[in-house]
Structures are given as C-alpha cells and as structure tokens.
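Working notes for the structure below.
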Amino acid sequence: MACSVLLLIPLGSAFSFWISRRRTRPRAVTLAVLAAGLMIPPQVVLLPTIRILTFLGLDHSYPGLILSNLGGGYFSFTVFVYVGFMRAVPDEVVEAARLDGAGGLRIWWTIIMPLVRPATATVAIFLSLWIWNDFLNPQFILGPLQGQTITTGLYLSVGQYQMDYGQLFGIMFLAGIIPVAGYLLMQKQFAAGLTAGSTK
C-alpha cells in the first residue's frame, strides 16, 4: 500500500501540473480519457492486467501488484483531484517563478506541491483506504503463496469448517487501527481539502 501511494502521489501530481497548464481542448480530451479509468469496473480489466503482468514476468510478485495499482482508477482519481486544485493556482505565480529562472520540475516541487497540500492529504487518505481494503488484485495477482495483504489474510482466516478467532480478530484490529491512525495524523489537511474554496 505504502509503495503504491508514494508512487501515485508524485506521478499523479506531476502529470496534473502539466495537464493543468495545457489549453482547454487538450486538457478536456485527456481528462475524458482518464475518466474511463473511473468508469470501467476493475473486474473487467483484471484478466488483461494479469496477462500483461505474466508477459512482463511480474505475475505473483509485489512489483506486479504495485504496477497494477498505478493504472486505472487510482491514477485517474489522483489526477482529477490535483487538477481541480492546481487550476486554482494563479498563473502569475508560475510565470514569476519562470522569470526567476526556475524550471518546470522545480516549480512543481517547491511551489505547487506546498500550495496543494490539502489535495495531497485527501488523495493519500482515499488511496490508502482503497488500496488497503482491496481484495481482488492481491488475491489474483499475488496469489495465496506469495504473501498476504490484510484483506486476503482475513479471507484465509475464515475456514469452511473451523475458524481461528484469535488470528481473525488480530487481523481485523490491524485492518481498523492503521487507517484510523493515518486519518488522525492527516485530518487537518484533509478537512482543509474538503472545504477549499467554500469561503471564497
């Protein structure tokens, strides 16, 4: 989960900064293509994803699972959230940085990213919850012999004729306490992201 989120945030924010500074028509076309990633159910693309990972030799591996998380709805959601925030950043701020000699990478990292910190908190919380609770991808991409996530661990703890209640409740505790702790750490920025623009 952590690797997927740590890759999705910089990739999604950098792409969002680039697309937010494009003209209206190319931006609309790009966002329309990304919208397909939100509209297509993950079950539909699971088999093609597994076949691609098998061709690349990344099936039944954590890099394969991380790569599958980088595509589809997770990346599209990241871009949509960041574009909404970055379009509110005045063009004068970017132009002033360019006049001072700053390149695109430096503008994105030192100017834009601090300004969209509430968006980063919002994206991080939502992506963490979705990836943390994902069952389909870990079950079919990793497989039961290559390692377990929280959701697959819960699934394997429930037997057909008997149940290991100690293991089950321990996994359920971890499944609940870690997302709550993450939200409590980022709740201030998350609330700022939800209320951004409400007072303007």
Side-chain angles (χ1 to χ4, degrees), residues 1-21 30-31 34 37-38 42 45-46 49-50 52-53 56-87 89 102-143 146-154 171 174-194 196:
M1 178 198 72
C3 292
S4 298
V5 174
L6 290 177
L7 286 173
L8 279 166
I9 288 178
L11 291 176
S13 61
F15 183 79
S16 301
F17 174 59
W18 178 81
I19 196 63
S20 65
R21 300 301 158 184
T30 304
L31 292 178
L34 289 174
L38 293 173
V45 298
L46 179 61
T49 300
I50 293 176
I52 293 173
L53 293 176
L56 297 175
L58 296 176
D59 56 322
H60 300 293
S61 67
Y62 287 107
L65 179 62
I66 294 171
L67 185 62
S68 68
N69 288 336
L70 295 182
Y74 296 143
F75 184 77
S76 299
F77 172 79
T78 304
V79 171
F80 273 101
V81 172
Y82 272 119
V83 166
F85 277 81
M86 291 181 181
R87 288 175 62 183
V89 176
L105 185 62
R106 185 176 180 184
I107 293 173
W108 162 71
W109 182 251
T110 61
I111 297 176
I112 300 298
M113 288 303 290
L115 291 176
V116 296
R117 193 174 300 159
T120 302
T122 302
V123 168
I125 289 175
F126 276 103
L127 290 182
S128 298
L129 287 175
W130 290 340
I131 297 174
W132 183 261
N133 293 323
D134 186 21
F135 173 77
L136 200 63
N137 284 341
Q139 178 69 12
F140 288 95
I141 294 177
L142 283 182
Q146 299 298 323
Q148 298 178 11
T149 61
I150 289 293
T151 50
T152 57
L154 282 172
I171 296 175
L174 288 177
I177 194 64
I178 293 179
V180 170
Y183 172 76
L184 292 176
L185 290 174
M186 305 181 71
Q187 63 177 336
K188 183 177 180 180
Q189 295 296 332
F190 178 68
L194 293 179

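Sequence positions, counted from 1, serve as the residue numbers for this chain.
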Evaluate whether atom CH2 of Trp109 has more than 12 neighbouring non-hydrogen atoms of other residues, nucleotides or ligands under 6.0 angstrom away.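 No, not enclosed.
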Phe140 atom CZ: more than 12 heavy-atom contacts under 6.0 Å: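 Open: at most 12 neighbouring heavy atoms sit under 6.0 Å from CZ of Phe140.
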Compare all side-chain heavy atoms of Ile9 with those of Thr78 and state whether any distance is below 4.5 angstrom.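 Side-chain contact under 4.5 Å: no.
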Below 4.5 Å, heavy atoms only, C-beta onward: do Arg21 and Val89 meet side chain to side chain?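 The answer is yes, as the side chains (C-beta and beyond) meet within the 4.5 Å cut-off.
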Compare every heavy atom of Tyr82 with every heavy atom of Gly12, then report the nearest pair and how far apart it is.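 What the structure gives for the nearest pair is C-CD1, 4.3 Å.
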Which is it for Thr30 and Val79 under the side-chain contact (heavy atoms from CB on, under 4.5 Å) test, yes or no, and what are the steps along the way? CA-CA 10 Å; Thr30 304; Val79 171; over 6 Å; no
Ring pair (Phe, Tyr, Trp, His ring centres under 6.0 Å) against Phe15, all qualifying residues, sequence neighbours excluded: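 Applying ring pair (Phe, Tyr, Trp, His ring centres under 6.0 Å) to Phe15 gives Trp18, Phe75.
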Who passes ring pair (Phe, Tyr, Trp, His ring centres under 6.0 Å) against Phe135, sequence neighbours left out?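 For Phe135 the ring pair (Phe, Tyr, Trp, His ring centres under 6.0 Å) partners, ignoring immediate neighbours, are Tyr155.
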Among Leu34, Val81, Leu31, side-chain contact (heavy atoms from CB on, under 4.5 Å) partner for Ser76: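 Output: one option passes, namely Leu34.
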Among Val123, Val116, Val83, find the one that has a side-chain contact (heavy atoms from CB on, under 4.5 Å) with Ser16.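 So, applying the side-chain contact (heavy atoms from CB on, under 4.5 Å) to Ser16 and each of Val123, Val116, Val83, only Val83 qualifies.
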Using modelled atom types only, decide if a donor and an acceptor are shared between the side chain of Ser20 and the backbone of Arg87 within a distance under 3.5 Å.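 A pair under 3.5 Å: no.
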Checking Leu67 against Ile52 for the side-chain contact (heavy atoms from CB on, under 4.5 Å) test, could you report, in this order, the C-alpha distance in whole Å, the side-chain angles of both residues, the deciding distance, and whether it holds? CA-CA 11 Å; Leu67 185 62; Ile52 293 173; over 6 Å; no
